[in-house]
Protein chains: 2
Amino acid sequence: MNIGEAAKASGISRKMIRYYEEIALLEPGRTANGYRVYTPQDVHTLRFIGAARRLGFPVPDVKALLALWQDRSRSSADVKRLTDGHITALRARVAEMNAMIGTLETLAGACDGDERPDCPIINAIAAHEPGSQRG
Amino acid sequence: MNIGEAAKASGISRKMIRYYEEIALLEPGRTANGYRVYTPQDVHTLRFIGAARRLGFPVPDVKALLALWQDRSRSSADVKRLTDGHITALRARVAEMNAMIGTLETLAGACDGDERPDCPIINAIAAHEPGSQRG
DNA sequence: CGTCAACCTTACCATGATGGGAGGGTCAAG
DNA sequence: CTTGACCCTCCCATCATGGTAAGGTTGACG
């Protein structure tokens, strides 16, 4: 099938399918006129990529996952290690954002939100407090 | 003072100071030879920008915050509205990531992580389960 | 005054993942 | 032979940040 059909079948945009090829996540065949041709197995690979991306794996991780998926002699330990690393990274980002949310909520809670200029939010930022309030 | 000194005084890199100028967050003066010159007030602005960025405000929001900060007739309601919008965006991203983490933890918990190839994580991704129903 | 280091300038490239568009080739149907 | 829906490659933009290259300025030291 052509790229358009593969895009519909996999839920991955034509643009991204070409990008994944560029970074060697898959290598579709070509017809004589240069058109990419995709097998059902290619579509399966594309769907695998989509699923991994929806779980937040960065593309290099997806590449590793793909290699593991296609390696019948893989160790589940390798998959788990990759996953645990990703979970750790995700938790770190969530923690960062939760810290921001906490500070922001406190500040917003103290702000009257009326027509007057006095604002603890602006004041805190101007005092350079956020980000150094822990220390 | 020159850009290097302003960078040290504000904690913002030279690169980013030039970038913030490019997107019109501040406009330093110039000496006859073309060197940028920064006043203590400019450094204050730079520190304000850094503080807002550390709270996760995207640069366009920082620009708005800066305008509000410099507007003595501002309404604190405007500041609060901006902040609330940012909190909402942050919470949405955290919720997304927490959903990923939840799925990932369940999968990783079911994976033996040994030398055998059987792996619920790979299986789930290959089944296109995560993130959406099967298709 | 010459030289060298440490500044400064602009301009371009790269990131990660994605989308948009231009300009041009191909194919199937009418 | 035309039309429209495909396909191709290449370039540009995002967002915030860092890097590098090539060149100008300054200040200190000899």
Side-chain angles (χ1 to χ4, degrees), chain A residues 1-38 42 46-66 85-86 89-90 92-93 96-97 100 131, chain B residues 1-38 42 45-66 86 89-90 92-93 96-97 100 131:
Chain A
M1 68 188 84
N2 283 339
I3 196 171
E5 257 183 296
K8 263 181 217 157
S10 66
I12 308 289
S13 72
R14 292 167 179 76
K15 273 293 187 186
M16 289 315 295
I17 293 179
R18 295 197 191 99
Y19 174 67
Y20 292 143
E21 177 183 348
E22 195 184 320
I23 61 174
L25 257 47
L26 78 164
E27 207 189 326
R30 296 276 183 153
T31 61
N33 61 34
Y35 285 20
R36 290 168 177 84
V37 288
Y38 297 85
D42 286 332
L46 253 6
R47 296 181 67 86
F48 182 99
I49 294 169
R53 291 289 300 132
R54 279 192 297 279
L55 281 174
F57 284 100
V59 169
D61 282 11
V62 175
K63 193 167 188 172
L65 248 11
L66 222 33
H86 178 42
L90 240 20
R93 287 207 279 145
E96 264 184 29
M97 282 192 270
M100 290 173 186
Chain B
M1 67 187 85
N2 282 340
I3 196 172
E5 255 184 297
K8 261 180 217 158
S10 65
I12 308 289
S13 71
R14 292 166 178 77
K15 271 294 185 187
M16 291 313 298
I17 294 180
R18 294 199 192 97
Y19 173 68
Y20 292 144
E21 176 182 349
E22 194 185 321
I23 62 175
L25 255 49
L26 77 164
E27 208 188 325
R30 297 274 181 155
T31 61
N33 60 33
Y35 284 20
R36 290 168 177 82
V37 288
Y38 297 86
D42 287 332
T45 297
L46 251 7
R47 296 182 67 89
F48 182 99
I49 294 170
R53 291 288 302 132
R54 278 192 298 277
L55 282 174
F57 285 100
V59 170
D61 281 12
V62 175
K63 193 168 187 170
L65 247 12
L66 221 33
H86 178 43
L90 241 20
R93 287 206 281 143
E96 265 184 29
M97 283 191 270
M100 290 175 187

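- Summary of the strand contacts: B/Y35 and B/V59 both lie near DNA chain D, and taking for each the nucleotide with the nearest heavy atom, the more 5' one is attributed to B/V59.
- In this structure, B/R53 atom CZ and D/dG18 atom P are separated by 11 Å, rounded to whole Å.
- The distance from atom CD1 of B/I12 to atom C1' of D/dG18 is 14 Å, rounded to the nearest whole Å.
- Counting non-hydrogen atoms of neighbouring residues, nucleotides and ligands closer than 6.0 angstrom, the CZ atom of A/R93 reaches no more than 12 such neighbours.
- Between the side chain of A/H86 and the backbone N or O of A/L55, at least one donor-acceptor pair lies under 3.5 Å.
- Taking atom OH on A/Y38 and atom C1' on D/dC7, their separation rounds to 11 Å, with Å as the unit.
- We find that CD1 of A/I3 is positioned 19 Å from P of D/dA5, with the value rounded to whole Å.
- Between D/dT25 and B/R36, no contact under 4.0 Å exists linking OP1 or OP2 to a side-chain N or O.
- When the side-chain nitrogen and oxygen atoms of A/S13 are compared with OP1 and OP2 of C/dG19, one or more of them lie within a distance under 4.0 Å.
- Side-chain atoms of B/K63 do not come within 3.5 Å of backbone N or O of B/P58 as any donor-acceptor pair.
- In this structure, CD1 on A/I49 lies 9.0 Å from CD1 on A/I17, to the nearest 0.5 angstrom.
- Between A/R30 and A/E21 there is a salt bridge, with a side-chain nitrogen of the basic residue lying less than 4.0 Å from a carboxylate oxygen of the acidic one.
- Residues A/I12 and A/R53 fail the side-chain proximity criterion, which asks for heavy atoms closer than 4.5 Å.
- With contacts defined as side-chain heavy-atom distances shorter than 4.5 Å, the pair A/L26/A/Y38 qualifies.
- With A/R14 contributing its side chain and A/R18 its backbone, the two residues share no donor-acceptor pair below 3.5 Å.
- Between the CD1 atom of B/I49 and the P atom of D/dT17 there is a distance of 10 Å, rounded to whole Å.
- Rounded to 10 degrees, the angle separating the terminal axes of the helix from C/dC1-D/dG30 to C/dG30-D/dC1 is 40°, with each axis obtained from five end pairs.
- Near DNA chain D, meaning a heavy atom under 4.0 Å away, the residues from residues 14-33 of chain A are A/R14, A/K15, A/R18, A/R30.
- In this structure, the side chain of A/N33 engages the main chain of A/Y35 through a donor-acceptor pair within 3.5 Å.
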